[in-house]
Every structure is written in C-alpha cells, then in structure tokens.
Q: 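Here it is, the structure, as structure tokens.
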Amino acid sequence: MADLSVNCGGIKSPNPFWLASAPPTNSAYQVCKAFEAGWGGAVWKTIGEPVMNVVNRYGSIDYNGQKIIGLNNIELISDRPIEVNLKEISETKKLWPDRAVIASLMVESKRETWHEIVKRTVDTGCDGIELNYGCPHGMSERGMGSAVGQVPEYCAMITGWVTEVSTIPVLVKLTPNISDIRFPGRAAKKGNASGISLINTINTIMGVDLDTFELNPSVGGKGGHGGYAGPAVKPIALNMVSQIATDPEINLPISAIGGISTWRDALEFILLGASSVQVCTAAMHYGFRIIDDMVEGLSNWMDEKGFQSLDDVRGKSLRCISDFGNLNLLYKAVARIDESKCIQCNLCYVACDDTAHQCIDLIPHNGKNQPKIRESDCVGCRLCFIVCPVEKCISMVRVDDGKEAITWNELMKQMPQPLTWEALRQFQHKHGIEIH
Amino acid sequence: MNNLAPKLTSEEYEKNFAEIHPPFTPNSAAAEANRCLYCFDSPCMKACPTHIDISTFIKKIASGNLKGSAKTILSANWIALTCAKACPVEVLCEGACVYNARGEDPIQIGRLQRYVMDWYVERGMPPIFTPAPKNGKSVGIVGAGPAGIACAAELSLMGYGVTVYEAKSEPGGLDTWGIAPYKMKREDSLNEAKMVERLGATIKTGMRVGDNISLDDLIRKHDAIFLGVGLRTPTRLRIPGEELAGVHDALTFIERVTTRKWSSVDVGKRVAVVGAGNTAIDAVTEAKRLGAEQVMIIYRRSSEEMSAYDFEFELAKIDGVTFHFLTTPKRILGTGHVGAIECVRMKLGAMDADGKRSAEPIPNSEFQIPIDMVITAVGQTPEKSFLAQIPNLKMDRGNVWVNPETYQTSSPKFFAGGDCINGGKEVVNAAADGKKAAHGIDNFIMSNE
C-alpha cells in the first residue's frame, strides 16, 4: 500500500487530508471526532479577537437538483474565547500525537498582540500556525482577514512578526479576492513563512429571493457578501495554486484549499504542486465520514499507477502549465462522432450550429437525424465533445502530422511588426488553416 | 347473474384501484426534469401524435416555470391531462426517449406532464390563451369526446362560436366514461371540458342529434360541423347464448366501474373476457380488482397477434389473468344466466387482408369452461343509423372517410376525427385529429368567404 503521509512546510500528517479552518473545526469535540474518522490533520477554526455572530449564516447554490455546488458563509472567526480554544487545542494534540493540529490565528495588526498570541499558541504543543489573511467579511472591515491579504506589504510585515517569535511552522492563508495571487504569496515568502495555504473564500452574494426580494442568506431582511467555497470554486483554486507553485520567487510548500470533495479533486491539486489539501464544504455537506473514501480512493489510485509515495506524484502536472503564447499554433484536432454510440440527442448539432462554427449537419437516417461532422470546417473547439452526454461517443482526434510546431511568441519574432491581418492570413494559408 | 363474487371492503377497493403511476412530489419532478437531456429536435416530440415540445416543457419544470410549461403542453394538445395519465407512453414519447438507446430508463414524460397539468388544475386553470375576437362564424361539434373537445378549443381560440352537442349527461366521451380508474379519475376529463368552456365554447349535454335536435337544424345553424362521434355500437359475438344474463359488453361494464360505487358493480366469481385488445385488458383487470376469483381472456389468435400493448399484457399477467389463446367461443350456455362457455381450439393460417394471420377452427376440439360472467371486447363500430342521415357521407371499411390533410368528409360541410375515422385508437390520436380538423374547418370556412 502506498505511503500517504505528507510533510507540508514541516507539519507532518499520516495522510494529506486536513479539515480547513472553518465551522467543522470549531471545537475539540469536532476535531477529535474527525480524527477518529481518519482525517490526517485539522486547522482549528480561527481564534483571536472577540466577535459575535449573526443568523442565518450560510447560503447555498444548487444546480439542476444537485444541492450545494457552492456554499457561502458570513460566519466569523471563533466566537469562543482564546483561552478556551487554546486549552482544547492542547488537549486534542495530546490525544492525537500523530495528527496535524494547526492553529489558525487572527488578531489586530499590532506586533505585541501577535507576539503574545503566537507564544501562547506554541505553548499548546500544536504542530503549526496558519495566519488567516483571507476572511472576506466581518473581520476585513475591522482591518483583519482579507484586509491584510489584499495588501502584500501588510502580509509581509505581519508574517514577519509571527515568524520572529514562532518556533513552529507558519502557513500563510491567502485570499483569492485579489488581482494577482502571486504578490501576497511573495510577501509571505518575504515574511519567512514555512508554507502557503490557498484559497480562502471568494466574495459572493449567493442569491436573491424572488418572493421577498431579500438576499440569501438574510439576517432579518438584510444581508451582504460572504465567503464562497465548495465544488464550484475548484477551477479558480486550481489556477491560483498553480500560479503559486510555478512562481520562481515563492518556492514554498502549498496546502491547497478550494472545492475538494473527493480524492480525485485532491489529486488534481497535488499534481499541481500541493503538499496537503484542506476540505470544508464536502464535510459540511456529508460529515466527517467522507474521509474513508478519500484515503482509500487515493491509496488505490497510487497502487494502480505504481506510485510509492505522494512525493512521486506531487507537481507532476506543472510541466503542462504554459502561457497562451507558448502553445503550438499548428496542433490540429477535429471532432469525430462514433455513430454506433450516438443516441441522436443532437445537442452537439445545436451547440455547434448556434454557438460555435456550424460544422455539424443533421442527416436523416432511419427516421432519425444523425449528426455528422464536416471535418474540413471543424475548428476543433471541443464544444460538441463537452455537450455530448454519451461517454466516448465524440472524441477529439489529432490530425496534424506533428512535424511542425510554432508558438505565437515564436511566430511574432518572424512576423513583420506591427502585425497585419494580411501577414497572419498568409501564414495560415501556408499551413492550410482556413478561417470562416 | 348467478354466483356473484363477494363484495370487498372499501379499503380493498381503494387499494385495488389505486393509481398505477402516482404523482411526482415537487422534488422528484425537479430531479426527473433535470435528468432530461433537452435533446435538440427530440425524438419524443416526433413520437407524440400531437407533437408536444416535450423537452421544452420539461426544462420549464426544472426552472420552476410551471405556467409556461402548461402553455407549451396545451399549445399542442388540449387533452393533456388525460393523455398524461392514459397515453401508452411506452410506445410513444417514452419509447422514443434517447435514454433507451443508452440502456437507461427513459424520462418519465407522462408523469412529468401530469405534474404540470395537475398543478395547472389545482391552481384553478388560470387563463393562458387569449381567444381571437369573435369572427361571427359558427361551428357545431357532435360529441364531446377528446376529438370534439380538442376541435372546440382550437376553434374557440381562433374566434369561432362553437357549440358542442353531447348525448350523455357529462362531457368527455370515453375519457370520462371509459378509462380504468387506476389510470385516471373522470374529474380530470371533466376539467378538460371546463377548460374549453372557459375559452368560450358551449357544451350542451343530453343533446342527441336526431333526438332533441335535428340534423337539419344543425346544418342550418352552423357554418361547418365536426363529427367526433366515436364508436357507439359494440360488435356482437353473434353466437347462441349472447342474450343470457351475465353477458355484458366491455364499454358498458367499464362505464359502471368508472361511474358507480365499486361495491354496487356486480361481477361473477368466474369471468371470461372475449377479445385481447387494450379494452379487453381493462375489463379483465377491473373485474379482478372488483373481486372476481378467476379471470380469463379468450382470444382466437396467439399472443403475437393480440392488439393489447406489452405493458397491458404484463399488467394482466400480474393480476393473475389466465389467457386462452387460439380459442374462440362457440356458444354461451346457461338457463337464464351464464353457466359456461363452449369454445373451440383454433390454428393460425395464412396472412389475411389486415396483415394478421387468419384463425381457423380445429375440428372436434370443442371444450367447455364453467363461467359466471362474459364480457365481450371485440371492438365497436360507429353508429351507422346516425351517419347514414348525413348526405353523401362516404364510409371506408366501416369508418368515416376523411381527407387526411383537412379532415373534411365527402360531405363538404362535415369534418370528422377520433375513433369514428380510425376504428378506435388512443386519446392522443383523437386530440391530434380534433386540433388538425379545426384548421381544416377554418380553411374551409374562410375560403368560402
């Protein structure tokens, strides 16, 4: 059986699955229950400044009958006092020495205040600290959370205050509510962080009630933006994780967060460079028991692929990440329909004809209309492949000979500048590329 | 009748006649609606004789636009509630669903349509369509069955003054009087008639043409007449003993089951139904559900030739019906009331003109089955005495001949649709006929202007 243990910036756990700092890790009762179920680690719900919560706190976006493809919340950091949380962290760590117990912290932006809470946290015996620079609601208005994460200078400064007194690893948790995630990432590095956690939740308004005209969720008629998480945010998180993983200035271990619901999701983040992954929404939807399939599925996949440890897997997809300008302009693929599998739903036809490149015809056949692709007109956009409900019915088949390759960046070095449509057309014509 | 089956408790009747396809809950309807692929140029729509834009009405369920969904359905089919419950969806829309080709269960289109139409009825059938201003023209419709109702609705929408003449005490035709209670309730059919009245049509019940209104009056009063008269005359077996007490025709029996308290409908302990169409299956399963102990079908050909749908055959088998295939009744025996039926074995011969193999008796193969009740379900024909009064009305193999495009008969002012032109098909065919005939009538009247 493969070794699933990880070391994320000095924080070790028997498997890569940690519960994210959120409602599931609010208390020793919950964290111990999660460890009992098999979770490798838990980032305690953020402790710090005195807060008071409101009700209702959660909003969900459901899609086509599927509940919670996205979840947002306006719950604040822990509404229990610091000393209660630290005592429970200490007790939990003693009970579960092999699991990663990480304390998430958020206090006002004063050096002494940070020094004090860091020292008290280290005294609990926990494995690491995570700095919450991400909460987009409630705390940011008070100059904390994403108010810090959005200003790289604050990020670097406060991280520095923490790392100058901490004797345990320090992860910095980044907010995605920013134009370029690499800047706060670099600031964390500058502040001597041991690793980076991302992404925190995304600013969202979840919905408007068509009967009451109030927001969802509504706090006695009023509402506002909250933090968005869950399956729908995964692609955003994958991108941001890959940006941090590929930035040559950062080079820090990553604890990936964002819509991870299954071992498959987790693997995608690990393939893009993550050392550990953090889960919240999936646990809030189904409970801690989901860890069983996560660990088992990951382990089975590793065995099947012949990987001994996650170190062999980590970052394996990073080589595929490229800028648009470095993609091969002469790679050509067309869609092909396996008519023996086609059920004539003709979703490919309507998608192509209405919204893509009009290269599918409907040919009457046995009283039904059979979609057929005019390959000469197919631009290889892949829309038909995506809408087809039958597995392996439409495939994208490579049709170039693979002998020639040129990227946009290379082409621009050959082309007269400023570039003209005529020059580009000649290049396309030479390579048999017809635009219509 | 002798040897009556004992009556059941009211709980037993309720259980036996409970709906076979219960309604969806809102959640289950949404889940099923979301399962629909929303095919382009969907095969289900083509398979429906009224061509309801099925994937569109289903997507409107998914978005919560139930009124819009009802509009999509009713735009194509005025008999949508009955069709949702009584259509043989297995051989129509659901049979054409692309999921079948994927080896998965088809979308439950009938139940989804029912979900929408039930919602619409529960909401009190709020107006969806605005009839055109009255055009001063008048159409008389004979028969308030599904063909007549559909024709009346479509013409009312176009601005015609429409009067429907119905011989029975309530409108709806077989939808009201002849559909098994475990498929639908007669109130559904009455609501469809009400919908048409709200569009401006007048339905006059208890009006038999030739009885309390003359055919000449009808011709004088209206610019065109639509015949939706159905098949009123049951085909007789023409064998000795048919006059005995305990011999019933299937439609009369089913009408009793549909309209009376079940405890007041007598059935024998042993019931034989002659015929193997869908009406025969209805009759035999209803007899069983009323408490008959032994129920059987007697059919002269084999299961291959019978016209009942596969799912009806399955239902009958589940209900414990015995099938005597390749068997024909020769005479019904008894003194005053049915005591036995004498049958003869049959063998199949060459194809006949209808494309069915002919059945021939095997000599000396007679045998008797003790029986208490016989229900005949060997088809019906149009009421010829009435149709004979219409000048120049051409018949075709026992049915009213119509131009298949316009539904005009050989008597120019008369149009026809439904069972009387096809010899007995589905409700949905009648609904389609009525609607198309309305446009034939419109063209006829407007081109005579």
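Naming: A, B, ... by sequence-line order, numbering from 1 per chain. When reading the values below, keep in mind they use all heavy atoms of this one structure, side chains included, and skip hydrogens, waters and symmetry mates.
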Q: Just so I understand: if I count every heavy-atom pair under 4.5 Å between each of Pro389(A), Gly65(A), Cys342(A) and chain B, which residue has the most?
A: Pro389(A)
Q: Would the number of heavy atoms belonging to other residues, nucleotides or ligands and lying under 6.0 Å from CD1 of Ile363(A) be above 12?
A: yes
Q: Around atom CG of Asp354(A), are there more than 12 heavy atoms of other residues, nucleotides or ligands at under 6.0 Å?
A: yes
Q: Strictly less than 4.5 Å between heavy atoms, which residues of residues 49-73 of chain B line up against chain A? Please order them by number.
A: none
Q: Working to the nearest 0.5 angstrom, can you tell me the gap between Lys46(B) NZ and Lys368(A) NZ?
A: 8.5 Å
Q: How close do Ile343(A) and Ala101(B) get, counting heavy atoms only, and between which atoms?
A: CG2-CB, 3.5 Å
Q: Give a yes or no on this: more than 12 heavy atoms of other residues, nucleotides or ligands lie within 6.0 Å of atom CZ of Arg398(A).
A: yes
Q: Mind checking the SG-CZ spacing from Cys352(A) to Phe40(B)? Nearest 0.5 Å is all I need.
A: 12.0 Å
Q: Calculate, to the nearest 0.5 Å, the distance between atoms SG and CZ belonging to Cys345(A) and Arg102(B) respectively.
A: 8.5 Å
Q: For Arg374(A), I'd like to know if atom CZ has over 12 heavy atoms of other residues, nucleotides or ligands within 6.0 Å.
A: yes
Q: Please check if atom CG in Asp310(B) has more than 12 non-hydrogen atoms from other residues, nucleotides or ligands closer than 6.0 Å.
A: no
Q: Working to the nearest 0.5 Å, report the span between CG of Leu37(B) and CG of Asn346(A).
A: 11.5 Å
Q: Atom OH of residue position Tyr63(A) - does it have more than 12 heavy atoms of other residues, nucleotides or ligands inside 6.0 Å?
A: no
